[in-house]
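As structure tokens, the structure follows; a few thoughts come after it.
When a ligand or atom number is given, it counts from 1 through the structure's own listing order.
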Amino acid sequence: MNKLLHKKQMAQNVTEYTFNAPDVVRNAKAGQFIVLRVDQKGERVPFTIFDYDKEKGTLKILVQTVGFSTQKLSRLNEGDYVSDIVGPLGLPTDLSFAKKVVLIGGGIGAAVIHPQSKVLKKANIDVDVILGARDSSLIMYEEDFKKYANNVYVMTDNGSLGEKGNVVDKLRYLIETGSNYDVVFAVGPLMMMKAVSNFTKTYSLKTIISMNSIMIDGIGMCGGCRLTVGGETKYACVDGPEFDAHLIDFDEAIMRSRLYQEEEKACRLRGEKND
Ligand code: FES
């Protein structure tokens, strides 16, 4: 059982949760994830580790309330308990070879790049951050990122915050005006990551993305996170969640992700009736 210590609404349908989870955070590293069950009958749901404090034994995750289990989680109050949290899982990120990195977070993708920004700052690696979203209500942690990054750029589709445009527009501008990044690390919707990857391919610029969004049970049992990387079959939860973007078959991943949308909708409706 893990106690929910703190709950904070960050955007519409996006909540930051802080749990007491000393055993999980003891060995946690940026890029890894946990699997949480709200109650004993609940499904196992993977979440990226957003932040952790090893001394206090606390773990933060950022959750978009979109499905049955995340709705159940959203109904918990501070002081309540979840059944269990397992982790850390997945391979940690290693950007120690880099000299200058640009982190790109689309919407809730900010949750994945956040721990990276802290690690890079600590390692004295230059880092810029580009945050992108549909509108200002989905831009999160801008001030927080300023503590770790040299520059934080905000892009919104409608121009309601930062500049009007998307993250690729900004990346193109930065590269064309001399920002000599050696790694791009991008996390967000599959379409966004595909667009970033297609763009950086033209510069042969190393690009890493996280496929955390396609994971379902997170423990290698369901097969839901299967993807093709460099012509080989991989599983995001076991072999990733991070991969070389230029090797990923994004079209296949996008098609597979759509297969589960109907199932999730049906599950949500069934759950609402039984709750
Ligand atoms: Fe189920 Fe990877 S998430 S096999």
If you scan protein heavy atoms around atom 1 (Fe) of ligand 1, the nearest is C222 SG, 2.2 Å
Going by the rule ring pair (Phe, Tyr, Trp, His ring centres under 6.0 Å), which residues pair with Y181 if we only count those two or more places apart in sequence or in a different chain?
none
Decide if atom NZ of K100 counts as having more than 12 heavy atoms of other residues, nucleotides or ligands within a radius under 6.0 Å.
yes
Around K201, counting heavy atoms of other residues, nucleotides and ligands shown, do more than 12 lie under 6.0 Å from its NZ?
yes
Would you call D39-K72 a salt bridge at under 4.0 Å N-O?
yes
Salt bridge or not between E43 and R37? Use side-chain N to carboxylate O under 4.0 Å.
no
Just heavy atoms, cut-off under 4.0 Å: does M221 contact ligand 1 by side chain, backbone, both, or neither?
backbone
Under 4.0 Å to a heavy atom of [X] - the qualifying atoms of ligand 1, by number:
| X | answer |
| --- | --- |
| C225 | 2 (Fe), 3 (S), 4 (S) |
| G220 | 4 (S) |
| I216 | 3 (S) |

F50 and Y141 aromatic ring geometry - parallel, tilted or perpendicular at 30°/60° bounds
tilted
Check if G223 has a non-hydrogen atom at a distance under 4.0 Å from any atom of ligand 1.
yes
Taking just the N, O or S atoms of D217, which one is nearest to atom 1 (Fe) of ligand 1?
OD1
Short N/O/S contact of C237 with atom 2 (Fe) of ligand 1 (below 2.8 Å):
yes
